[in-house]
Amino acid sequence: MTRDRSTPMTETLSPAVPDDVEALIDRVLQAAHDNDVSIATAESCTGGLIASVLTDVEGRSHVFERGYVVYTNDAKADELAVPLRLIEQNGAVSEPVARAMAEGALRSSGAGVAVSVTGFAGAAGPDDEPGLVHFGLAAVGAPTVHEEHHFGDRGRGPVRLECLRVALRMLEQAVTNR
């Protein structure tokens, strides 16, 4: 599939971003603009990738409020007010932590919608499942949504790309339905 070069695309990452992801980015940013919704991200295993693509389209990045890269447990607690007790009880890669990350990003950013991602992009500890990722999505006036995905032991890059697809799809649904 060839890209239509007349539509906005990611500038910096464009050569590495598949066409379907480019289209998702465009739809998310357009819907957020059309519905006057600002976006925040709370990222662990994606390391800021979602924030990066949302700020890489000229003329559309104004809907992005801010991003939090919270790789460690302390960062999740300090930046997003995720209780360390919650992380200790459930693990950093869990539904409760993904939900708390999204809710913390929404609360501290002032955005209208926030997406979170926490998972194992590559080889993790001996009892951890490579490719296990939890997503949260919090929006003003709506219940927090969670998704769990098992991408498998495919390597960090492919897992992070799948995380990008899921997060963008969740954001698209949230900003379109406002």
Side-chain angles (χ1 to χ4, degrees), residues 1-3 7-29 39-57 60-61 64 66-80 82 86-102 104-105 113-138 144-174:
M1 179 175 177
T2 306
R3 291 188 179 129
T7 59
M9 299 184 326
T10 58
E11 183 177 305
T12 309
L13 297 173
S14 195
V17 177
D19 290 348
D20 68 304
V21 176
E22 287 272 1
L24 262 172
I25 295 164
D26 186 54
R27 291 194 310 265
V28 167
L29 293 173
I39 298 170
T41 61
E43 303 179 64
S44 185
C45 65
T46 49
L49 180 61
I50 302 163
S52 180
V53 300
L54 291 174
T55 59
D56 206 31
V57 178
R60 299 268 177 97
S61 61
F64 185 76
R66 69 185 75 182
Y68 302 91
V69 178
V70 289
Y71 207 71
T72 67
N73 293 345
D74 286 339
K76 290 171 181 67
D78 293 346
E79 297 297 318
L80 302 174
V82 176
L86 184 74
I87 297 170
E88 290 164 3
Q89 289 173 344
N90 299 282
V93 179
S94 64
E95 177 179 347
V97 171
R99 287 177 180 274
M101 287 171 61
V113 63
V115 67
S116 69
V117 57
T118 182
F120 302 116
D127 296 328
D128 298 325
E129 176 189 339
L132 171 63
V133 182
H134 289 268
F135 298 84
L137 188 123
T144 302
V145 175
H146 166 263
E147 288 190 18
E148 176 179 326
H149 289 264
H150 302 266
F151 298 120
D153 192 3
R154 301 160 51 168
R156 296 179 73 76
V159 169
R160 291 173 75 189
L161 184 57
E162 291 306 318
C163 289
L164 182 57
R165 280 187 175 99
V166 170
L168 289 168
R169 181 185 45 74
M170 291 175 77
L171 282 169
E172 180 182 27
Q173 290 171 348

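Below, all heavy atoms of this structure are taken into account, side chains as well, without hydrogens, waters or symmetry copies.
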Novice: Quick check against the 3.5 Å criterion: does E43 have a side-chain atom that pairs as donor or acceptor with the backbone of I50?
Specialist: yes
Novice: Is there side-chain contact between F151 and V166, with heavy atoms separated by less than 4.5 Å?
Specialist: yes
Novice: Give a yes or no answer on whether the side chain of T46 reaches the backbone of L49 with a donor-acceptor pair at less than 3.5 Å.
Specialist: no
Novice: Rounded to the nearest 0.5 Å, what separates atom CG in L54 from atom OG in S61?
Specialist: 9.5 Å
Novice: Taking all atoms of both residues into account, what is the closest heavy-atom pair of A105 and A40, and its distance?
Specialist: O-CB, 4.3 Å
Novice: Between CD of Q173 and CG of L168, what distance do you get to the nearest 0.5 Å?
Specialist: 11.5 Å
Novice: Using the side chain to side chain donor-acceptor pair (under 3.5 Å) rule, collect all pairs that involve residues 151-160, keeping only residues at least two apart or in two chains.
Specialist: Y71-R156
Novice: State, with a plain yes or no, whether a side-chain heavy atom of K76 is found less than 4.5 Å away from one of T118.
Specialist: yes
Novice: Could you tell me which non-hydrogen atom of A100 sits nearest to which non-hydrogen atom of L86, and how far apart they are?
Specialist: CB-CD2, 3.7 Å
Novice: Among L24, D56, I25, L161, whose side-chain contact (heavy atoms from CB on, under 4.5 Å) with V17 holds?
Specialist: I25
Novice: Please determine whether a side-chain nitrogen of the Lys or Arg among R169 and E147 lies less than 4.0 Å from a carboxylate oxygen of the Asp or Glu.
Specialist: yes
Novice: Donor-acceptor pair, distance only, cut-off 3.5 Å: does the side chain of S52 make one with the backbone of G48?
Specialist: no
Novice: Could you give the distance from CZ (R60) to OG1 (T55), rounded to the nearest 0.5 Å?
Specialist: 14.5 Å
Novice: Between A92 and V97, which heavy-atom pair has the shortest distance, and what is it?
Specialist: O-CG1, 3.3 Å
Novice: Can you find a heavy atom in the side chain of C45 that is under 4.5 Å from one in the side chain of V117?
Specialist: yes
Novice: Where do V69 and T41 land on the side chain to side chain contact (heavy atoms under 4.5 Å, CB included) test, with the steps shown first?
Specialist: CA-CA 8 Å; V69 178; T41 61; over 6 Å; no
Novice: Please name the pair of heavy atoms, one in A98 and one in S116, separated by the smallest distance, quoted to 0.1 Å.
Specialist: O-OG, 2.6 Å
Novice: How close do V113 and A174 get, heavy atom to heavy atom, and via which atoms?
Specialist: CG2-CB, 3.7 Å
Novice: Determine whether V28 and I39 satisfy the following criterion, side chain to side chain contact (heavy atoms under 4.5 Å, CB included), listing intermediate values before the conclusion.
Specialist: CA-CA 10 Å; V28 167; I39 298 170; 3.8 Å; yes
Novice: Please report the closest heavy-atom contact between V115 and A167, naming both atoms and the distance.
Specialist: CG2-CB, 4.0 Å
Novice: Would you mind writing out the side-chain donor-acceptor pairs for residues 123-137 within the sub-3.5 Å range, not counting sequence neighbours?
Specialist:
from	atom 1	to	atom 2	distance (Å)
D128	OD2	G125	N	3.0
E129	OE1	H150	ND1	3.2
E129	OE2	H150	ND1	2.6
H134	ND1	E95	N	3.4
H134	ND1	H146	NE2	2.8

